[in-house]
Amino acid sequence: MQPAPAGSVAIVTLGCARNEVDSEELAGTLTAGGWQLAPSEAADVVVVNTCGFIDSAKKDSIDTVLAAADTGKKVVAVGCLAERYGEQLAAALTEADAVLGFDSYSSIDDRLADVLAGRPVVPHVPTDRRTLLPISPAHRPAAAAEVAVPGHRWGPRAPRVRLDDSPVGYLKLASGCDRRCTFCAIPSFRGAFVSRPAAEIVAEAQWLAEHGVRELVLVSENSTSYGKDLGDLRALEALLPELAGISGIDWVRVSYLQPAELRPSLLRVIAGTPGVLPYFDLSFQHAAPGVLRRMKRFGSTESFLGLLDEARALAPAAGARSNVIVGFPGETEDDVAELERFLTLARLDVVGVFGYSDEEGTEAERFDGKLAADVIAARVARISALADELMSQRAEDRLGETVEVLIESAADGELTGRAAHQAPETDGSVRLTGALAGLRPGVLVRAVVTGTDGADLIADVVAGSAR
């Protein structure tokens, strides 16, 4: 029996791909509770799935809530910013009709009913989510059933509704993080690392394939830790071939790899398993050993270059990308020069550059050696300019290469997609030319790279290669 109609709701998702999965779970719970999904302009309630990662993301989240409130709609804030600040956010952002944490996700349909009826909703009270699960990783999978862990509710009810018809589907491996990087607050509001059982992941992947997904993008806070709380550090190595073998799935992409945890055996599986893309999203963050130690991370230019060499020896066309933080407390000119040396030698396809800013509750917030804002801004501009130049050069290295492209959009007579070395939304695109008749989004084609535009490629379709 279908539930009685409860109202209409729009879900606006900000931040990372992990939030995309959470939003689709929220949509599943809401539709099961009788809510109808609608565009923002037609909805009774707008749910904003916020991001709380860095200052710019926080501002974007708040601005999105305010913009929705300006339309006269009921507005509910969920997601990382709401989880992290809860009642403090509710007090400061009175335009929001409710501020809900992860504990409310399973009853989101009831909470929105309260909002629509004008009943008061008590705002979320934040807590350090690292304290909600046992310290011992071995006990976490069982304990996770007692704690709200977004993205971990797959089951017979299939509590997920796709919010678009993209051929790409995000799939959570795990939630939370056990690392203690001194600049990062994510573990405090996302909690300790909890892997999802492999059977659950496979079942959800099969469901995504049945709903038109051809590329699975595996996401978590740290994918190289998958399985450690299940008693199997090689669990991802076994899972990847199984996912790649699902009917309808052509590409499997792993995101968020920690260089210090990328074992040679896992590297070989990613580089050499048919259907698993040779793509390495490596969280380097810096290359100067002194800065890395203060970040509570490990590595150096030489060790990072060695890792990239290993990957490229197995898969010469492998994609590699990373993010770096500049202006970390105590960073010297020599440290910046070392980062420049590393980036120049690394030949990464994509580099994201971020300026350091204090995050509440982190160890780095209390560090001395803070750099002035104008110094950080100048270093960001300097490293960004270098990164742009290097990304363009790396794209030019691919001239003449034959790439497989997943077509994602068709507009104004142009078809655009991504090659295997390009993750969705972050790593550039491929504009297709040549034999385009009959091609559409969701189709895979082979194409020869004929030009570049920054990190983007221009490629001529190989006739008859569509599948």
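Keep in mind that this is a model prediction, so the values were computed, not measured.
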(request) Before giving the answer on salt bridge (Lys or Arg N to Asp or Glu O under 4.0 Å), spell out for R18 and E221 the whole-Å C-alpha distance, their side-chain angles and the decisive distance to 0.1 Å. (result) CA-CA 8 Å; R18 299 182 291 278; E221 277 74 20; 2.8 Å; yes
(request) Please tell me if the side chains of V324 and F354 come closer than 4.5 Å, counting only heavy atoms from C-beta onward. (result)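 No - every pair of side-chain heavy atoms lies 4.5 Å or more apart.
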(request) Would you check if L30 and I11 make a side-chain contact, meaning some heavy-atom pair closer than 4.5 Å? (result)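 In short, these two side chains touch, coming nearer than 4.5 Å.
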If I compare all heavy atoms of [X] with all of [Y], which pair ends up nearest, and what's the gap?
X	Y	result
R140	V194	CD-CG2, 4.2 Å
A185	S188	O-OG, 2.6 Å
A82	L100	CB-O, 3.4 Å
I376	G355	CG2-CA, 3.9 Å
V403	A419	CB-CB, 4.0 Å
P187	C177	CB-O, 3.6 Å

Short question: side chain of [X], backbone of [Y] - any donor-acceptor pair under 3.5 Å?
X	Y	value
R129	L133	no
E87	P123	no
H124	E83	yes
R347	A320	no
R297	S283	yes
K73	A10	no
R398	A317	yes
S23	T13	no
S300	S303	yes
N19	T50	yes

Mind checking side chain to side chain donor-acceptor pair (under 3.5 Å) for [X] and listing every partner two or more places apart, or none if nothing turns up?
X	result
E359	K58, R84
S220	S223
Q422	none
R196	E200, E204

SB check [X] [Y] (cutoff 4.0 Å):
X	Y	answer
D128	R130	yes
D358	K370	yes
R294	D335	yes
R379	E331	yes
D22	R160	no
R418	E215	yes
R312	D349	no

Does any donor atom in the side chain of [X] or [Y] lie under 3.5 Å from an acceptor atom in the other side chain?
X	Y	result
E408	T416	no
N222	S225	yes
S265	E237	yes

(message) Let's go through R394 and L348 carefully: what are the C-alpha distance in whole Å and the side-chain angles of both, what is the deciding distance for side-chain contact (heavy atoms from CB on, under 4.5 Å) to 0.1 Å, and is it a yes or a no?
(response) CA-CA 7 Å; R394 180 63 180 140; L348 298 171; over 6 Å; no
(message) For D63, give me all partners under salt bridge (charged side-chain N to carboxylate O under 4.0 Å, His left out), at least two apart in sequence or on another chain.
(response)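 With neighbours one apart ignored, the set is K59.
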(request) Might you work through the salt bridge (Lys or Arg N to Asp or Glu O under 4.0 Å) test for R111 and D109, ending with a clear yes or no? (result) CA-CA 6 Å; R111 299 292 72 75; D109 48 342; over 6 Å; no
(request) Could you please spell out the steps behind the side-chain contact (heavy atoms from CB on, under 4.5 Å) verdict for F298 and L292? (result) CA-CA 6 Å; F298 306 95; L292 289 167; over 6 Å; no
(request) Please lay out, stage by stage, how K296 and C181 fare under the test side-chain contact (heavy atoms from CB on, under 4.5 Å). (result) CA-CA 5 Å; K296 285 194 175 173; C181 302; 5.6 Å; no
(request) Determine, step by step, whether S195 and D229 satisfy the side-chain hydrogen bond (donor to acceptor under 3.5 Å, both in side chains) criterion, reporting the C-alpha distance in whole Å, the side-chain angles of both residues, the deciding distance to 0.1 Å, and the verdict. (result) CA-CA 7 Å; S195 299; D229 54 330; 2.5 Å; yes
Could you tabulate the donor-acceptor pairs under 3.5 Å formed by side-chain atoms of residues 239-251, not counting sequence neighbours?
from : atom 1 : to   : atom 2 : distance (Å)
D250 : OD1    : R467 : NH1    : 2.7
D250 : OD2    : R214 : NE     : 2.7
D250 : OD2    : R214 : NH2    : 3.0
W251 : NE1    : E404 : OE1    : 3.3

Check this for me: [X], atom [atom1], are more than 12 non-hydrogen atoms of other residues, nucleotides or ligands nearer than 6.0 Å?
X	atom1	value
R293	CZ	no
R234	CZ	no
D165	CG	no

(request) Let me know which of L14, I62, N49 forms a side-chain contact (heavy atoms from CB on, under 4.5 Å) with L81. (result)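 One option only clears the test, and that one is I62.
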(message) Is the ring pair W207/H211 parallel, tilted or perpendicular, if the boundaries are 30 and 60 degrees?
(response)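 Geometry flag for H211 against W207: tilted rings.
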(request) Validate the cation-pi geometry between R179 and F193: distance from NZ or CZ to the six-membered ring centre under 6.0 Å, angle to the ring axis within 45°. (result)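 Judged by the rule (NZ or CZ under 6.0 Å from the ring centre, within 45° of its axis), R179 is not positioned above F193.
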(request) Could you walk me through whether L282 and L308 pass the side-chain contact (heavy atoms from CB on, under 4.5 Å) test, one step at a time? (result) CA-CA 10 Å; L282 295 160; L308 291 168; 3.9 Å; yes
(request) Run the ring-centre check on F342 versus F304 and record whether the distance is less than 6.0 Å. (result)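 Here the rings of F304 and F342 have centres that are less than 6.0 Å from each other.
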